[in-house]
K.L.:
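Once you've had a glance at the structure underneath, I'll fire off some questions.
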Amino acid sequence: MAAEMALIKPISKFSTNPTRSTFFTTRKFNTTTVKMSATSSQPATTSKKPGKKANKTAIKESLLTPRFYTTDFDEMETLFNTEINKNLNQSEFQALLQEFKTDYNQTHFVRNKEFKEAADKMEGPLRQIFVEFLERSCTAEFSGFLLYKELGRRLKKTNPVVAEIFSLMSRDEARHAGFLNKGLSDFNLALDLGFLTKARKYTFFKPKFIFYATYLSEKIGYWRYITIYRHLKENPEYQCYPIFKYFENWCQDENRHGDFFSALLKAQPQFLNDWKAKLWSRFFCLSVYVTMYLNDCQRSAFYEGIGLDTKEFDMHVLIETNRTTARIFPAVLDVENPEFKRKLDRMVVINEKILAIGESEDIPLVKNLKRIPLIAALASEILAAYLMPPVESGSVDFAEFEPQIVY
Ligand SMILES: [Fe+2]
Ligand SMILES: [Fe+2]
């Protein structure tokens with residue numbers, strides 16, 4: 001897992017102006033606290049508040065922080081029972097398993113001294129932006145690790161091949177999360193993943209929704225990583241932290257994970273071949289795309305910091321992800337219609353107003369009253385985007401569909 005799958009909820013307000021001096025002092029949150037451990041005796045150099053213990057710092061978690069997911073494991077077992085489901089193409093899963101066993105990135109995630117040196121050079125807002133980027137990415141990767149690990153465990157008896165693939169994907173995600181957490185150590189911080197596992201609330205999705213959401217998460221993650229990698233290769237002056245150099249091989253893990261979910265969906269044609277599947281496909285595309293766009297527009301400073309135009313970057317990722325997704329989903333959104341982007345941009349404006357209310361000095365009742373018309377406006381934009389004429393897609397004849405590695 002690489003991208004965030006949270007559905008749409010407004011979160012903390014970030015300035016889009018990286019030079020604004022109040023950038024971090026105006027940041028407000030409204031939910032739970034996640035512990036972070038300082039990993040060295042040096043004082044943490046970020047603006048995080050100290051926790052009760054001297055060696056702990058605490059961060060607040062916002063509503064769009066990547067979520068953890070759980071599902072109906074009994075239904076999963078039924079879906080992957082080869083006695084019940086004759087669509088399960090075991091030879092295709094065997095081939096995928098061999099690919100995962102090859103473990104192309106076994107020796108890829110090796111750090112060097114450049115990391116710490118680069119982190120030490122980062123100061124002020126840029127440093128804080130990077131810490132947040134590492135935290136969010138680590139949480140998203142760790143979320144994938146937990147879900148895949150549990151699926152690997154639960155499906156062992158029913159379908160050992162699929163179960164082993166899940167376990168090997170959890171290996172990949174653990175590696176990704178661990179590498180990002182090591183990155184946090186360059187900033188004298190570390191996410192307390194054990195605490196996170198116990199303390200975070202888990203969002204329940206039925207298996208078919210796990211398939212749609214996770215497929216999209218993996219593919220959008222692939223496109224995000226490869227786009228950043230290619231951009232920084234062409235513009236090395238923005239290469240301010242070496243983790244991006246690892247994205248080329250890293251994103252191939254995400255691509256493989258996405259291809260595995262393609263194969264899973266093909267084995268469950270009931271999730272792809274009727275009108276309900278088309279409605280759900282569009283719903284999940286919209287949820288994932290809008291979440292990314294609103295999230296990223298709140299963090300323009302990060303993308304500007306590495307020389308990207310946030311909206312251009314997001315639209316490129318959306319269009320490519322949508323084209324990839326159209327190979328398997330029975331319907332996708334018409335994201336290449338300019339009206340779709342206009343709608344997204346209007347959502348950003350409304351979301352900024354909602355977030356500004358959260359930061360105002362008003363009492364909670366007044367804040368809520370002010371939010372009502374804006375939330376209604378946001379919901380109506382989202383609905384209008386959902387109702388735009390979709391693009392019919394997918395492959396009715398699954399034999400024609402072959403997963404492709406996209407470089
Ligand atoms: Fe990952
Ligand atoms: Fe992944």
K.L.:
CG of D253 to CG of N105: how many Å apart, nearest 0.5 Å?
P.N.:
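That separation rounds to 4.5 Å.
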K.L.:
Using 4.0 Å as the upper bound for N to carboxylate O, is an ion pair formed by R346 and E381?
P.N.:
yes
K.L.:
At their closest point, which heavy atom of D186 faces which heavy atom of K116, and how far apart are they?
P.N.:
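Smallest heavy-atom distance, with atoms named: O-NZ, 2.9 Å.
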K.L.:
Please walk me through it: do K219 and D259 pass side chain to side chain contact (heavy atoms under 4.5 Å, CB included)?
P.N.:
CA-CA 9 Å; K219 288 295 181 185; D259 288 342; 2.8 Å; yes
K.L.:
May I ask you to test the Y289-L344 pair for a side-chain heavy-atom distance under 4.5 Å?
P.N.:
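No, too far: nothing below the 4.5 Å cut-off.
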K.L.:
Could you state the interatomic distance from CG (L155) to CZ (F80), rounded to the nearest 0.5 Å?
P.N.:
6.5 Å
K.L.:
Can any side-chain N or O of E141 pair as donor or acceptor with the backbone N or O of L180 at less than 3.5 Å?
P.N.:
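Here the side-chain-to-backbone pair does not exist.
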K.L.:
What's the separation between atom OG in S91 and atom CG in L97, rounded to the nearest 0.5 Å?
P.N.:
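Taking OG in S91 and CG in L97, the distance rounds to 12.5 Å.
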K.L.:
Would the distance check show the side chain of T158 and the main-chain N or O of N81 forming a donor-acceptor pair, the cut-off being under 3.5 Å?
P.N.:
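No.
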K.L.:
If you round to the nearest 0.5 Å, how far is OG1 of T325 from CH2 of W223?
P.N.:
10.5 Å
K.L.:
I need the minimum non-hydrogen distance between N85 and A267, along with the two atoms involved.
P.N.:
ND2-O, 3.0 Å
K.L.:
Looking at D296 and R224, does any basic side-chain N land under 4.0 Å from a carboxylate oxygen?
P.N.:
yes
K.L.:
With the threshold set at 4.0 Å, does a side-chain nitrogen-carboxylate oxygen contact exist between E336 and R323?
P.N.:
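Answer for the salt bridge query: yes.
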K.L.:
Hey, what's the ring geometry for H176 with F109, parallel, tilted or perpendicular (30° and 60° as the breaks)?
P.N.:
tilted
K.L.:
Parallel, tilted or perpendicular: which fits the ring planes of W250 and F179, with parallel below 30° and perpendicular above 60°?
P.N.:
perpendicular
K.L.:
Within the 3.5 Å criterion, strictly below it, is a donor on N89 or K266 matched to an acceptor on the partner's side chain?
P.N.:
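No, K266 and N89 have no side-chain donor paired with an acceptor closer than 3.5 Å.
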K.L.:
Does a sphere of radius 6.0 Å around NZ in K113 hold more than 12 heavy atoms from other residues, nucleotides or ligands, not counting ones at 6.0 Å or beyond?
P.N.:
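Atom NZ in K113 is not packed in, count stays at 12 or less.
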K.L.:
If you take all heavy atoms of I129 and A301, which pair is closest and at what distance?
P.N.:
CD1-CB, 3.5 Å
K.L.:
Check the pair T102 / R256 against side chain to side chain contact (heavy atoms under 4.5 Å, CB included), numbers first and verdict last.
P.N.:
CA-CA 12 Å; T102 307; R256 271 186 289 275; over 6 Å; no
K.L.:
Would you say the ring centers of Y212 and F329 fall short of 6.0 Å from each other?
P.N.:
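For Y212 and F329, the ring centres are under 6.0 Å apart.
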K.L.:
Quick one: closest heavy-atom pair of N159 and L88, and the distance?
P.N.:
ND2-CD1, 4.1 Å
K.L.:
Looking at K341, I'd like to know if its NZ atom is crowded, meaning that more than 12 non-hydrogen atoms belonging to other residues, nucleotides or ligands lie closer than 6.0 Å.
P.N.:
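Enclosed.
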K.L.:
S143 side chain to T139 main-chain N or O, any donor-acceptor pair under 3.5 Å?
P.N.:
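No.
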K.L.:
Do R175 and Q106 come close enough that some side-chain heavy atom pair is under 4.5 Å?
P.N.:
yes
K.L.:
What I want to check is whether the side chains of D172 and Y148 have a donor and an acceptor closer together than 3.5 Å.
P.N.:
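Distance-only check fails for D172 and Y148.
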K.L.:
More than 12 foreign heavy atoms under 6.0 Å from NZ of K353: is that the case here?
P.N.:
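At most 12 heavy atoms, drawn from other residues, nucleotides or ligands, come within 6.0 Å of this atom.
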K.L.:
Quick check: does any side chain N or O of D334 sit under 3.5 Å from a backbone N or O of V391, one acting as donor and the other as acceptor?
P.N.:
no
K.L.:
Mind running side chain to side chain contact (heavy atoms under 4.5 Å, CB included) on T197 and Y202 for me, showing each step along the way?
P.N.:
CA-CA 9 Å; T197 308; Y202 287 71; 3.6 Å; yes
K.L.:
Between the side chain of R327 and the main-chain N/O of G394, is any donor-acceptor distance below 3.5 Å?
P.N.:
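Checked: no pair found.
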K.L.:
Tell me, do T203 and F68 make a side-chain contact under 4.5 Å, heavy atoms counted?
P.N.:
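They are not in side-chain contact.
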K.L.:
Is L294 close to T291 at the side-chain level, that is, under 4.5 Å between some pair of heavy atoms?
P.N.:
no
K.L.:
Could you check whether K343 pairs with E339 (Lys NZ or Arg NE/NH1/NH2 to Asp/Glu carboxylate O, under 4.0 Å)?
P.N.:
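E339 and K343: salt-bridged.
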K.L.:
Within a strict 4.5 Å, meaning less than it, do heavy atoms of the Y222 and T227 side chains meet?
P.N.:
no
K.L.:
Show me the side-chain donor-acceptor pairs of residues 277-285 shorter than 3.5 Å, one per line, residues at least two apart or across chains.
P.N.:
from, atom 1, to, atom 2, distance (Å)
K278, NZ, E392, OE1, 2.6
S281, OG, A277, O, 2.7
R282, NH2, Y386, O, 2.7

K.L.:
At what distance, to the nearest 0.5 angstrom, does OG1 of T214 lie from CZ of F261?
P.N.:
4.5 Å
K.L.:
Just by distance, do the side chain of N322 and the backbone of L333 share a donor-acceptor pair under 3.5 Å?
P.N.:
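Yes; judged by distance alone, with no hydrogens or angles, the pair exists.
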K.L.:
Does any part of the side chain of D74, heavy atoms only, come nearer than 4.5 Å to the side chain of E77, both counted from C-beta?
P.N.:
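E77 reaches D74 side chain to side chain.
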K.L.:
Where is the tightest heavy-atom contact between C240 and I306, given as atom of each residue plus distance?
P.N.:
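What the structure gives for the nearest pair is SG-CG2, 4.2 Å.
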K.L.:
Report, one line per pair, each donor and acceptor closer than 3.5 Å where one atom sits in a side chain of residues 161-171; sequence neighbours left out.
P.N.:
from, atom 1, to, atom 2, distance (Å)
S167, OG, A163, O, 3.2
S170, OG, S167, O, 2.8
R171, NE, L168, O, 3.4
R171, NH1, F100, O, 3.3
R171, NH2, F100, O, 3.1

K.L.:
Determine whether the side chains of H231 and N235 contain a donor N or O and an acceptor N or O closer than 3.5 Å.
P.N.:
yes
K.L.:
Would you say NZ of K311 has more than 12 non-hydrogen atoms from neighbouring residues, nucleotides or ligands within 6.0 angstrom?
P.N.:
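Yes, enclosed.
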K.L.:
Heavy-atom count check: over 12 atoms from other residues, nucleotides or ligands less than 6.0 Å from K367 NZ?
P.N.:
yes
K.L.:
Hey, what do you get for OG (S185) to CG (L189), rounding to the nearest 0.5 Å?
P.N.:
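Between atom OG of S185 and atom CG of L189 there are 9.0 Å.
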K.L.:
Can you tell me if R127 uses its side chain to pair, donor with acceptor, with the backbone of M122 under 3.5 Å?
P.N.:
yes
K.L.:
Any side-chain heavy-atom pair from L374 and I357 closer than 4.5 angstrom?
P.N.:
yes
K.L.:
With a 3.5 Å distance limit and no angle check, can you tell me whether S217 reaches the backbone of A213 through a side-chain donor-acceptor pair?
P.N.:
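No; zero donor-acceptor contacts below 3.5 Å.
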K.L.:
Taking the six-membered ring for Trp and the full ring for Phe, Tyr or His, determine whether the centres of F247 and Y225 are under 6.0 Å apart.
P.N.:
yes
K.L.:
Under 3.5 Å, is there a donor-acceptor pair between the side chain of D72 and the main chain of E75?
P.N.:
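Yes, because the side chain of D72 sits within donor-acceptor range (under 3.5 Å) of the backbone of E75.
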K.L.:
Do Y215 and T324 come close enough that some side-chain heavy atom pair is under 4.5 Å?
P.N.:
yes
K.L.:
Can you see whether D345 engages Y293 through a side-chain donor-acceptor pair at a distance of less than 3.5 angstrom?
P.N.:
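There is such a pair (donor and acceptor under 3.5 Å, judged by atom type) between the side chains of D345 and Y293.
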K.L.:
Give a yes or no on whether the backbone of P269 and the side-chain of N273 come within a donor-acceptor separation of less than 3.5 Å.
P.N.:
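At least one qualifying donor-acceptor pair exists.
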K.L.:
Any idea how F115 and Y241 line up, ring-wise: parallel (<30°), tilted (30 to 60°), or perpendicular (>60°)?
P.N.:
perpendicular
K.L.:
Output all residues satisfying ring pair (Phe, Tyr, Trp, His ring centres under 6.0 Å) with F340, sequence neighbours left out; order by chain, then residue number.
P.N.:
none
K.L.:
Locate the shortest heavy-atom distance separating C138 from L193; write the atom from each residue and the value.
P.N.:
SG-CD2, 4.1 Å
